[in-house]
Amino acid sequence: MHSVKFLHQDIQDEQTVQSMVNELLSQMGLDEKIGQMSQVCGAGGWVPDHLADAIRAGQVGSVLNEVDLNTVNELQRLAVEESRLGIPLLLGRDVIHGFKTILPIPLGQAASWDANVVSEGARISAVEAATAGVNWTFAPMIDISRDPRWGRIAESLGEDPFLCSQLGNAMIRGFQGADLAENGSIAACAKHFAGYGAAEGGRDYNTANIPENELRNVYLRPFKAAVDANCATLMSAFCDLNGVPASGNAFLMDQVLRKEWNFDGFVVSDWESIVEMSVHGFTDDDEQAALEAVTAGIDMEMASSTYRDHLENLVAAGKVDLEKIDQMVRRILTLKFKLGLFRNPYTNPEDYPALLNESHREIAKEAAVKSCVLLQNNNRVLPLNRAQLDSIAVIGPLADDGYEQLGTWVFDGNAEDSIHCLDAIKQLAGDDLIINHCKGLDSARSPSHEGFAEAVETAMRSDVTVLVLGEESFMSGEAHSRANIDLPGQQQQLIEALAETGKPIVLVIMAGRPLTLDRVVDKVDAILYAWHPGTMGGPAIADLLFGVQSPSGKLPVTFPKAVGQIPIYYATKNTGRPPSEESCIHMDDVPPRAAQTSLGMASFHLDAGYKPLFPFGHGLNYGDFHYVKITTSRSHIALGESIDIAVDLINSGVHAAEEVVQLYVRDLVGNVTRPVKELKGFRRIKLNPGQRTRVGFSLHTDDLAFYNRHMQLVTEPGQFHVWIGGSSDAPLWAEFEVHP
Ligand code: BGC
């Protein structure tokens, strides 16, 4: 009944795969081909008759959201044993930041600026997901986002194309391993192609309008990197990009992805994004939507059924070329072969290490440690010195909440597996320290001040307060955008009440996005930004608070002072009237009936200036790092050559610490205007107290390339500035010239 000859065969090489794919394709009817192009949702722990029948009939190429192992194996059995051609299924799942062992949210992982940490995190996620029969995940999410109102910024790797490309590729390596057929490797899916992170107003699913030059220079870069890193699949975005929904956007799917980048994996739509093209007002009905999607180049349809319902008719009517369908099916089958599914479609959990094992927990903890960003540390209140303290107050609705610390879009992790801050602090403090605990607020959004008196009293009888505040996990993620991004509810008021005590306050914030903290910074001594840190958030935070480890995270996204500054990002353009300290006047300093022209005539806000609260790349540690002596190996280089740039890095503090050393470049004049700074490299360097080292980077002129106004990727000869430092605000710079 099925084509057993494909089973028990090992994949040797690309050519063998292609000939097997072609042989299989030659046996397939059109309905079976369309079946491969269709992804349906699982029922969650059982196989409904309609799904079993559809699989038997060869109408399903992939199932998503089924992670019950027996059910998954039964689905594969139906496909392999009971369908005419025995083609195994792709089992898709969102494993966005962990499966059972939950890592920090991707934006938090991005704050680690550590490709190894990110790749190891993806590896354990893949291994755990594979234990449940998942062979394909919808990650990494590499939408550049410069709008913290957008809930999905939590799933992203931040605002910068270079950082996002490096870390996105690290995730792909982790998921896919060296070989897709290896146990524990699963196919990755770079999403959402493209422009989704530029949703207007930060409102999810909203229109994105991005000029082509900006699209190529910023938003498409991480996707190009993912394609070059052999990411198996891409997902189309929900949004309409410049008037054309991504799922029907031939410019993206065909021109850029296939013709320019030669992507040979396949593209899946987002959930019902093909039928939604009619809601966008782009197509009349499902049939037209299917036609637009297939014509643009969407190989597989997620969740909706326009392909199954209409593609046969569209082919019969001569509107869709059969060769096009064959090409799409070829891509899908190729991945199935590469994953080794024809050899063995079934999953045996005994082939895998235990879920949530110690080593996975360690990796998650390291990721959380490296993700936390020390935004401020007045009077070096951190690290807490156990020898000098008798008691600590641990206050706040998120201090003992194993659920909220997991963050957005967690379907398989459990709150009971989390270790929260309170337990971890108690554990680390041992018997030496008294830990006084109360919540202060029942939840992050609680309107009631009822717990304030107890909070103040708790702080008063303690030497220092650790206040754990932030957003609940539901406040970021898909469809969870916010117009105001202050600490929610009455948290600001709680901070103010506690500040009155005069006791030192260490604020730990768990959140899915940058929050506006302008009114917070002068009320507390230290701020440790922990994002949503995942299963091992508590132990990671406790280690950092007590100085067992030094913080080392750096912001992957700019923190605005006020929502009105958004979009605000470091790689901004200079404008014709760049702001400066001198030109930037605050409206409170302007006298009544001021002359219109008395103001700075520069690009700033009268009430918020032009600087962010914390710049991209910012993050303190317990060392005391200094950068001196920047040098370039040459003052001139020719196109095609490289230049070395180096600094001395010194830790003159008393703690060992890791610093993320960052390299930025400015191309002074371009055929299109160039950003005032662009990240071009970063390295993590650990130094002991008193240690000094030389840190170098090599830049090739290709690293300086950008899309010009004719959409050509070019490096233009001319003058460049280069900075090395601990944030995008780094002052130490040098210059060099590129000549033809
Ligand atoms: C999201 C995708 C996700 C898909 C499947 C959609 O709502 O936009 O990112 O992969 O659901 O769960």
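This one's a predicted model, so the numbers in the text were calculated from it and none came from an experiment. Just follow the structure's listing: the first ligand is 1, and inside any ligand the first atom is 1.
The distance from ligand 1 to the heavy atoms of Phe138 drops below 4.0 Å at these ligand atoms: 10 (O). Counting atoms of ligand 1 from 1 in the listed order, those under 4.0 Å from a heavy atom of His192 are 2 (C), 8 (O), 9 (O). Taking every heavy atom of Lys191 and a limit of under 4.0 angstrom, the matching atoms of ligand 1 come to 2 (C), 3 (C), 9 (O), 10 (O).
Exactly one of Val227, Asn262, Leu252, Leu220 qualifies for a side chain to side chain contact (heavy atoms under 4.5 Å, CB included) with Leu257. That residue is Val227.
Within the 4.0 Å heavy-atom cutoff, Met235 counts among the residues contacting ligand 1. The shell of residues lying under 4.0 angstrom from ligand 1, judged by heavy atoms, excludes Met141. Ligand 1 is never approached by Glu155 to a heavy-atom distance shorter than 4.0 Å.
Distances between N or O atoms of Glu478 and those of ligand 1 include at least one value under 3.5 Å. An N or O contact shorter than 3.5 Å is missing between Tyr196 and ligand 1 by distance. Geometrically, ligand 1 and Trp409 share no nitrogen or oxygen pair separated by less than 3.5 Å. Residue Trp271 has no nitrogen or oxygen atom sitting less than 3.5 Å from a nitrogen or oxygen atom of ligand 1, judged on distance alone.
A perpendicular orientation is assigned to the rings of Tyr529 and Phe559, their planes being inclined by more than 60° (bins at 30° and 60°). The aromatic rings of Tyr196 and Tyr205 lie parallel to each other, their planes meeting at an angle below 30°, with 60° marking the opposite boundary.
Looking from atom 4 (C) of ligand 1 to the surrounding protein, the closest heavy atom is Asp270 OD1, 3.5 Å. Among all non-hydrogen protein atoms, the one lying nearest atom 5 (C) of ligand 1 is Asp94 OD2, 3.2 Å.
Within the 4.5 Å cutoff, no side-chain heavy atoms of Lys324 are placed close to those of Gln327. Two residues are said to be in side-chain contact when any heavy atoms from C-beta on lie closer than 4.5 Å; Glu301 and Ser38 fail this criterion.
Residue-environment remark: CZ (Arg361) exceeds the threshold of 12 foreign heavy atoms within 6.0 Å. Atom OH of Tyr403 is surrounded by 12 or fewer heavy atoms from other residues, nucleotides or ligands within 6.0 Å.
Residues Thr233 and Trp136 have side chains that bring a donor and an acceptor to within less than 3.5 angstrom of each other.
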